[in-house]
Amino acid sequence: MKQSKPAITLLLATLIGLGAGGMAEATGDRPRVGLVLGGGGARGIAHIGVLQELERLRVPVDAIAGTSMGAIVGGLYASGMSADELEQTVESLNWSQALSDTPARRNLNFRRKQDDVRYPIDLELGVRDREIVLPRGFVQGQNLDPLLRNLTAGVAHISDFAKLPIPFRAVATDVVSGSDYVMTSGDLARSMRASMSVPGLIAPTSLDGRLLIDGGVAANLPVDVVRAMDVDIVIAVDVEFPLYALDDLQSAPAITEQMLTILIRKETLRQIETLSDDDVLIRPDLGTFASSDFANPEFAIEKGHAAIAGVEQQLRALSLSEADYATHVAARTVVAPEYRQLDFVRFDHDGPLATELLAARAGVHAGDPVDADMLAAGASRLYGLDMFAQVNYRLVEDGDQVGVVYTAVDKSWGPDFLNVGVSLQDDFDGTTAFNLAARLTRTGLNRNGAEWRTDLQLGTDLLLESEFYQPFGSGLRYFVAPRIRLQQTNQNVFVDGQDIAQMRVAEGELGLDVGAELGLVGEFRMGLYRGDGKLRVKIGDPMIPDFKYDLGAMFAQLQFDTFDKSRFPRSGLLARVRWDASSKALGASENYDKLQFDLLSAWSRGKSTFNAGIGFATLFDDNAQLQEYTPLGGFLRLSGLDYGQISGPHAAIGRLVYYRLLGDYSNALLDVPVYLGASAEVGNVWQDQSDISLDSVLVNGSVFAAFDTYFGAIYLAVGFAEGGNHAFYLSIGSPPL
């Protein structure tokens with residue numbers, strides 16, 4: 001059956017690649033063999049099957065040139081990996097994670113975790129000179145770089161690619177001149193990364209003073225490059241996507257894809273025409289196997305094996321005896337130097353942040369052992385500042401000392417950033433809340449990492465909030481944050497379960513907060529705020545007068561967030577406790593204290609996850625007004641009740657939620673994970689503390705289907721309450737978990 005090939009798939013298919021190279025033994029009188037591995041995304045995994053067949057036939061490989069995925073496979077093979085080791089590596093990789101920039105959430109600082117929850121759309125735009133600036137690529141390659149660096153760690157000390165176990169060349173495209181650029185030396189992992197910088201998808205790589213994109217644009221099958229490496233016989237492996245047949249060209253996207261294929265294939269055909277009768281051309285029959293189909297490497301590898309059948313006799317003419325082939329393989333062994341500990345740690349960056357801040361964030365120090373996982377974790381923690389497009393590291397020798405250099409690349413679309421979010425809550429019974437939000441963050445305002453962020457939300461709930469955040473002190477763990485907030489929200493008024501009115505609550509306040517970061521997992525914040533508010537009837541009896549009040553309070557808040565993901569977390573906890581002390585002495589209309597506590601915990605087994613939570617809010621005085629009451633009702637907040645159907649000065653809720661992932665998305669680049677789940681919920685609100693009892697607790701529940709999309713979590717749910725009441729929900733945006 002023919003497989004579809006959207007534009008993004010075509011780009012990945014024709015351009016992505018992997019690489020490495022080395023020094024072979026003297027070839028004596030036998031011909032020197034050069035191997036060319038072309039680009040093709042997941043189709044390039046077929047190269048591994050070809051390499052396994054070459055090893056079975058004992059065909060020596062004396063030089064390798066690769067483009068895109070061919071640069072990755074070829075480069076790793078040239079660095080000393082066997083074909084079987086390549087197969088194990090490819091089949092064990094999480095390609096979806098590798099081809100994304102999402103850092104492990106544990107490496108985000110707490111402030112960035114808050115952004116992650118509030119603005120789930122994974123798109124950050126730049127703002128410069130009042131214009132929107134787009135990133136150079138959808139993926140910057142933050143997770144790909146350390147992966148390639150770890151895989152090539154054994155030859156990281158070799159900068160001349162001719163001295164790798166097999167001499168190697170990686171081919172990229174100079175985006176300024178449009179010509180191919182052959183990388184012969186330098187940082188092997190970085191060169192491999194440059195060769196697979198798919199235009200528009202993976203950001204270009206700055207290397208050797210050039211801006212490089214995927215080599216497939218200029219030379220997807222670089223026969224001439226390997227021939228220049230003093231070889232006598234060329235084995236070329238072409239895995240490009242085939243041209244569509246006439247019947248398949250029925251849409252504009254299909255025509256566009258065909259055009260791209262033609263442009264890329266034109267140079268490939270020219271290279272193939274240079275092959276002589278002694279050379280070998282191998283074309284695995286991959287059909288329309290998608291370039292993004294990293295979930296099925298076995299298929300591509302098997303096609304690589306099968307492709308040898310038609311040229312096996314030619315290849316057998318190049319075979320060595322068992323003894324000579326063993327000598328050939330032994331000559332490819334490289335003994336990596338043993339680095340025991342770091343003598344220095346350096347930081348290479350052009351941004352305004354103080355080097356001391358970067359050092360404190362990285363957590364890597366002179367005297368630490370040389371450990372790849374530790375060094376990569378330091379890069380991830382720096383990237384977690386969310387101020388850089390990429391953070392890379394490399395081991396360097398300086399005389400008789402060895403150290404690590406972290407290179408932080410500023411975001412080309414910064415330093416001011418725009419995030420957007422959308423949320424929708426609908427109960428299919430006339431109650432709908434829709435909000436569109438945007439956050440503008442100005443970063444790097446001084447050496448200590450000050451930032452100024454402003455939130456604007458339009459829709460059912462209006463919000464304008466701005467905060468200037470200034471870190472200070474040892475390790476810049478402490479901060480001061482003056483802020484302003486203007487907000488309007490709706491609050492439903494129910495009597496005996498009937499919605500009798502909807503109040504519009506408008507508030508404005510000025511505040512000054514101080515606090516401290518608690519590592520990467522939490523924050524303590526306290527401060528003072530002053531303002532005023534107003535309640536008016538939006539829907540209901542127009543004779544009800546408006547009510548005005550003043551705000552004036554001090555507060556303290558402690559928060560922790562160790563969730564592994566903001567949407568559909570599988571492990572960790574989320575906790576918040578907040579105390580507000582309203583005081584007439586500070587300008588408030590009334591004296592009262594309010595205490596709120598929320599705790600969520602997640603744990604998983606296989607594809608199943610449980611999420612348990614408790615929460616309560618209580619007012620210690622009878623002077624608090626309606627706007628301070630806590631509402632319950634809505635999806636996962638007593639799901640059988642309407643949004644905000646009950647509210648009171650004292651509220652409590654507990655819930656247990658179960659959800660299970662359907663299917664396997666570990667290597668799916670474009671699919672949308674789907675979950676099925678259910679919840680059990682208990683809780684209520686009370687007017688007086690003396691009314692609180694287990695007998696008055698309401699029991700509710702829900703069943704739901706959920707989708708983890710680019711725009712955030714989408715839930716379709718039905719809730720149940722005692723007495724047969726039920727409610728339907730559509731929720732889009734920030735997850736209610």
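Hydrogens, waters and symmetry mates are skipped; everything else that's a heavy atom, side chains included, is used.
For the atom pair CZ (Arg567) and CZ (Phe707), the distance works out to 14.0 Å, reported to the nearest 0.5 Å. Separation of atoms CG (Leu320) and CZ (Arg58) is listed at 8.0 Å; rounding is to 0.5 Å. Within the model, atoms OH of Tyr675 and OG1 of Thr609 stand 7.0 Å from one another, a figure rounded to the nearest 0.5 Å. Summarising the geometry, atom CZ belonging to Phe168 is positioned 10.5 Å from atom CG belonging to Leu35; distances are rounded to the nearest 0.5 Å. Taking CG from Leu211 and OG1 from Thr173, the interatomic distance works out to 11.0 Å, rounded to the nearest 0.5 Å. From Leu151, atom CG reaches atom CE of Met81 across 4.5 Å, with rounding to the nearest 0.5 Å.
Considering only heavy atoms from C-beta on, Ile233 comes within 4.5 Å of Leu318 through its side chain. Thr274 places none of its side-chain heavy atoms less than 4.5 Å from the side chain of Asp224. Between Asp174 and Asp180 the shortest side-chain heavy-atom distance does not fall below 4.5 Å. Put simply, the side chain of Arg283 does not reach to within 4.5 Å of the side chain of Val239, judged on heavy atoms. At least one side-chain heavy atom of Val36 sits under 4.5 Å from a side-chain heavy atom of Pro222. Side-chain contact check for Ile235 versus Val59: some heavy-atom pair is nearer than 4.5 Å. Between Ser197 and Leu212, the closest side-chain pair of non-hydrogen atoms is not below 4.5 Å. Between Gln390 and Asp145 the shortest side-chain heavy-atom distance falls below 4.5 Å.
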Original post:
Is there a side-chain contact (heavy atoms from CB on, under 4.5 Å) between Val223 and Leu275 once you walk through the steps?
Top reply: CA-CA 8 Å; Val223 173; Leu275 296 175; 3.7 Å; yes
**OP:** Decide yes or no on side chain to side chain donor-acceptor pair (under 3.5 Å) for Thr327 and Asp324, but give the supporting numbers first.
**Re:** CA-CA 5 Å; Thr327 301; Asp324 287 345; 5.1 Å; no
**OP:** Go through the steps to decide whether Gln314 and Asp278 satisfy the test side-chain contact (heavy atoms from CB on, under 4.5 Å), and finish with yes or no.
**Re:** CA-CA 8 Å; Gln314 278 184 279; Asp278 294 328; over 6 Å; no
**OP:** Give the C-alpha distance, both sets of side-chain angles, the deciding distance and a yes or no for side-chain contact (heavy atoms from CB on, under 4.5 Å) between Ile64 and Arg169.
**Re:** CA-CA 6 Å; Ile64 300 176; Arg169 300 289 184 264; over 6 Å; no
**OP:** May I have the step-by-step check of side-chain contact (heavy atoms from CB on, under 4.5 Å) for Phe344 and Arg346, ending in yes or no?
**Re:** CA-CA 7 Å; Phe344 57 85; Arg346 297 172 184 165; 3.4 Å; yes
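Each of Gln271, Arg265, Arg43 was evaluated against Asp238; a single residue qualifies, Arg265, per the side-chain hydrogen bond (donor to acceptor under 3.5 Å, both in side chains) test.
The closest side-chain donor-acceptor pair between Glu267 and Asn220, if any, does not fall under 3.5 angstrom. Side-chain atoms of Ser608 and Arg660 form a donor-acceptor pair, as typed in the model, at a separation below 3.5 Å. In the model, Glu55 has no side-chain atom that pairs as donor or acceptor with a side-chain atom of Ser82 under 3.5 Å. Residues Ser79 and Thr152 bring no donor and acceptor atom of their side chains to less than 3.5 Å of each other. Checking Gln341 against Asp368 by side-chain atom types alone, no donor-acceptor pair falls below 3.5 Å. Side-chain contact check for Arg193 and Thr205: at least one donor-acceptor pair (N or O, by modelled atom type) lies under 3.5 Å. Using modelled atom types, one finds a donor on one side chain and an acceptor on the other under 3.5 Å when comparing Glu397 with Tyr339.
Contact record, Ala83 with Gln52: CB-CG, 3.4 Å, taken as the closest heavy-atom pair. In this structure, Leu86 and Leu51 approach most closely via the heavy-atom pair CD1-CD1, 3.9 Å. Shown here for Val370 and Leu395, the closest heavy-atom pair between the two residues is CG1-CD1, 3.8 Å. Between Ile282 and Pro284, the shortest heavy-atom distance links the atoms O-CD, 3.7 Å. Of all heavy-atom pairs between Lys303 and Asp285, the closest is CD-O, 3.3 Å. The two residues Gly216 and Ile264 have their closest heavy-atom pair at O-CG2, 3.5 Å.
Among residue pairs with one or both ends in residues 71-88, none qualify as salt bridge (Lys or Arg N to Asp or Glu O under 4.0 Å); sequence neighbours excluded.
Aromatic pair Phe388/Tyr383: ring centres not closer than 6.0 Å.
Between the Asn296 side chain and the Phe299 main chain, no donor and acceptor come within less than 3.5 Å of each other. A distance-only check finds no donor-acceptor pair linking the side chain of Ser195 to the backbone of Met192 [under 3.5 Å]. A donor-acceptor distance shorter than 3.5 angstrom exists from the side chain of Asp343 to the backbone of Val402, with no hydrogens or angles considered.
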Please report, to 0.1 Å, the donor-acceptor pairs under 3.5 Å made by any side chain of residues 181-189, with sequence neighbours excluded.
{"from": "Tyr181", "atom 1": "OH", "to": "Asp208", "atom 2": "OD2", "distance (Å)": "2.9"}
{"from": "Asp187", "atom 1": "OD1", "to": "Arg149", "atom 2": "NH1", "distance (Å)": "3.3"}
{"from": "Asp187", "atom 1": "OD1", "to": "Ala189", "atom 2": "N", "distance (Å)": "3.2"}
{"from": "Asp187", "atom 1": "OD1", "to": "Arg190", "atom 2": "N", "distance (Å)": "3.3"}
{"from": "Asp187", "atom 1": "OD2", "to": "Arg149", "atom 2": "NH1", "distance (Å)": "3.1"}
{"from": "Asp187", "atom 1": "OD2", "to": "Arg149", "atom 2": "NH2", "distance (Å)": "3.1"}

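For Asn143, the side-chain contact (heavy atoms from CB on, under 4.5 Å) partners two or more places apart in sequence, or in a different chain, are Gln97, Ser100. Considering only residues two or more places apart in sequence or on other chains, Glu312 meets the side-chain contact (heavy atoms from CB on, under 4.5 Å) condition with Arg56, Leu57, Ile308, Arg316. Checked against side-chain contact (heavy atoms from CB on, under 4.5 Å), Ala389 has the following partners two or more places apart in sequence or in another chain: Gln140, Lys411, Trp413. Remark: Ala300 pairs with Ile45, Ala46, Leu286, Phe289 by the side-chain contact (heavy atoms from CB on, under 4.5 Å) rule, at least two apart or across chains.
Arg227 has a carboxylate O that lies under 4.0 Å from a charged side-chain N of Asp279, or vice versa, which qualifies the two as a salt bridge. The pair Arg105-Asp564 does not meet the salt-bridge criterion, since no charged nitrogen lies less than 4.0 angstrom from a carboxylate oxygen. With respect to Arg332 and Asp62, no salt bridge is recorded, no charged nitrogen being found less than 4.0 Å from a carboxylate O.
The 12-atom threshold is exceeded at CZ of Arg570, counting heavy atoms of other residues, nucleotides or ligands nearer than 6.0 Å.
Relative orientation of the Phe347 and Tyr406 rings is parallel, given thresholds of 30° and 60° on the angle between their planes.
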